[in-house]
Amino acid sequence: FTSDPLAVRRNWARAIQLGEAIEPHLRAATHAPLYLDFSDVMVEAYSMMGRHVEALDIAQRKQRVVELMEASPHALSLRACREKFEEDKVNARRMQIVAMNELGLYREAYKLSLEIEADPFYARNASYWAPLLVWDRLKAMERLPRAGMREARRMVHAAWHGCDRRTDEWQPLCHMLLGRAYANFCISRGNLKEARATLSRYAPTLDQIPHCGVLHKTLFLRTWARMLRAQGEWDEWRATVGEALTLAQQAGLANEVAAIRREHGDALAPEAG
């Protein structure tokens, strides 16, 4: 993300081209463990390029490989670490939720999130998975009219509690991304006071959050801009949108650039006169 935007986009495209050439050779059962890691890279590459149909397809293929390995003692024995395999099981379905949300399949994404939550491995590792799953579910819930503030508030506070128990270096970033997702939901329900209070917890120290890269900052600024617009703070809204767009363009984040233009295009138009 520190390279020239055109180079970043070109290299993601090359990664996809190489991955698509390799993929047919990975379909043998003996390559199943390798396919799990391969599909993670491809989902990210497709998502970064805004190709969400392909991202969903390969996430679903990863799910089928997971099921194949569970049904085949030989294939499963190739994965030395059972714990890592359990992570792949959860992540294969979670990647599908991310792609479904991008494609507008919100009911399907919400239903799949409930299925993941029922997985015993998820329950044993909720402090790790809950922030990830909850922010994915909140995105789906924004578009589901029956989902209310009470359900969202209960979910996010439980996930925050689990996140607070983590001691690894990713904890602050997970906490922030969960807060951003909750703020988006609050905005969708007109609860601007709670949205602003939530975002204000992170805004002053955003640059000090470990592992908070350009993509994460852009996502946060998109939500901040959405909140400013809803509150009618037009000057700060335009400045925030401009900052988010600059970050996304500099990092070659094609998907984020498209989303910013779609959500806030009028802030980017030349001023009349």
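Computation of the quantities below employed the complete heavy-atom set of this structure, encompassing side-chain atoms and omitting hydrogens, waters and symmetry-equivalent molecules.
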>> List the residues meeting ring pair (Phe, Tyr, Trp, His ring centres under 6.0 Å) with His161, not counting sequence neighbours, and say none if there are none.
In response: none
> For His175, does its backbone N or O pair with a side-chain atom of Tyr202 as donor and acceptor, under 3.5 Å?
Replying inline: yes
> Would a 4.5 Å heavy-atom cut-off, applied to side chains only, mark Leu105 and Leu56 as touching?
Replying inline: yes
>> Taking the side chain as everything from C-beta on, heavy atoms only, tell me whether His264 gets closer than 4.5 Å to Arg238.
In response: no
> Do Asp40 and Met95 have side chains that get closer than 4.5 Å, going by heavy atoms?
Replying inline: yes
> Salt bridge or not for Arg189 and Glu142, using N-O below 4.0 Å?
Replying inline: no
>> Taking Ile22's backbone N and O only, do any of them form a donor-acceptor pair with His25's side chain (distance below 3.5 Å, no angle check)?
In response: no
>> For Thr223, give me all partners under side-chain hydrogen bond (donor to acceptor under 3.5 Å, both in side chains), at least two apart in sequence or on another chain.
In response: Arg180, Asn184
>> Going by side-chain contact (heavy atoms from CB on, under 4.5 Å), name the residues that satisfy it together with Lys217, two or more places apart in sequence or in a different chain.
In response: Leu206, Asp207, Cys212, Leu247
>> Going by the rule salt bridge (charged side-chain N to carboxylate O under 4.0 Å, His left out), which residues pair with Glu263 if we only count those two or more places apart in sequence or in a different chain?
In response: Arg222
> Hey, does Leu133 have a side-chain heavy atom less than 4.5 Å from the side chain of Tyr122?
Replying inline: yes
> Do you know which of Glu108, Gln96, Arg137, Arg93 makes side chain to side chain contact (heavy atoms under 4.5 Å, CB included) with Ser113?
Replying inline: Arg137
>> Going by ring pair (Phe, Tyr, Trp, His ring centres under 6.0 Å), name the residues that satisfy it together with His52, two or more places apart in sequence or in a different chain.
In response: none
>> Do Trp135 and Val156 make a side-chain contact, defined as non-hydrogen atoms from C-beta onward lying under 4.5 Å apart?
In response: no
> Are Val41 and Leu34 linked, directly or through other ILVMFWY residues, by side chains that come within less than 4.5 angstrom of each other?
Replying inline: no
>> Using every non-hydrogen atom in the two residues, find where Ile58 and Ser39 come nearest and quote the distance to one decimal.
In response: CG1-CB, 4.1 Å
>> Using side-chain heavy atoms (C-beta onward) and a distance below 4.5 Å, is Gln249 in contact with Glu256?
In response: no
> Could you go step by step and tell me if Asn191 and Arg153 meet the side-chain contact (heavy atoms from CB on, under 4.5 Å) rule?
Replying inline: CA-CA 12 Å; Asn191 192 343; Arg153 193 177 287 118; 3.8 Å; yes
>> Holding to side-chain hydrogen bond (donor to acceptor under 3.5 Å, both in side chains), I want the full list of residues that pass it with Glu169, two or more places apart in sequence or in another chain.
In response: His211
> Looking only at atom types and distance, does a side-chain atom of Asn91 sit under 3.5 Å from a main-chain N or O of Glu87, one as donor and one as acceptor?
Replying inline: no
> Can you name the residues that form a side-chain contact (heavy atoms from CB on, under 4.5 Å) with Ala21, not counting sequence neighbours?
Replying inline: none
> Taking only residues two or more places apart in sequence or in another chain, which ones pass side-chain hydrogen bond (donor to acceptor under 3.5 Å, both in side chains) with Arg27?
Replying inline: Glu23
> Considering all heavy atoms of both residues, which atom of Leu144 and which atom of Tyr106 are nearest to each other, and what is their separation?
Replying inline: CD2-CB, 4.2 Å
>> Tell me every residue that passes side-chain hydrogen bond (donor to acceptor under 3.5 Å, both in side chains) with Tyr110, counting only those two or more places apart in sequence or in another chain.
In response: Glu151
>> So, using side-chain contact (heavy atoms from CB on, under 4.5 Å) as the criterion, who are the partners of Thr240 when residues are at least two apart?
In response: Leu221, Trp224, Ala225, Leu228, Glu236
> Can you tell me if Glu194 and Tyr182 form a side-chain donor-acceptor pair at under 3.5 Å?
Replying inline: yes
>> For Tyr35, give me all partners under ring pair (Phe, Tyr, Trp, His ring centres under 6.0 Å), at least two apart in sequence or on another chain.
In response: Phe38
> Nearest heavy-atom pair of Ala92 and Val66: which atoms, and what distance?
Replying inline: CB-CG2, 4.4 Å
> Hey, does Glu44 have a side-chain heavy atom less than 4.5 Å from the side chain of Met48?
Replying inline: yes
> Does atom CZ of Arg14 have more than 12 heavy-atom neighbours from other groups under 6.0 Å away?
Replying inline: no
> Can you list the residues that meet the side-chain contact (heavy atoms from CB on, under 4.5 Å) rule with Leu192, with sequence neighbours excluded?
Replying inline: Ile187, Ala230, Gln231
>> For the backbone of Asp136 and the side chain of Asn101, can you confirm whether one donor and one acceptor N or O come within less than 3.5 Å of each other?
In response: yes
> Do NZ/NE/NH1/NH2 and the carboxylate oxygens of Asp57 and Lys62 come within less than 4.0 Å?
Replying inline: no
>> What I'd like to find out is whether the side chain of Met141 reaches to under 4.5 Å of the side chain of Phe185, using heavy atoms alone.
In response: yes
> Is Glu233 salt-bridged to Arg196, cutoff N-O under 4.0 Å?
Replying inline: yes
> Without hydrogens or angle criteria, can the side chains of Gln171 and Asp168 be said to hold a donor-acceptor pair below 3.5 Å?
Replying inline: no
> Can a salt bridge be assigned to the pair Glu54 and Arg51 using a cut-off of 4.0 Å between side-chain N and carboxylate O?
Replying inline: yes
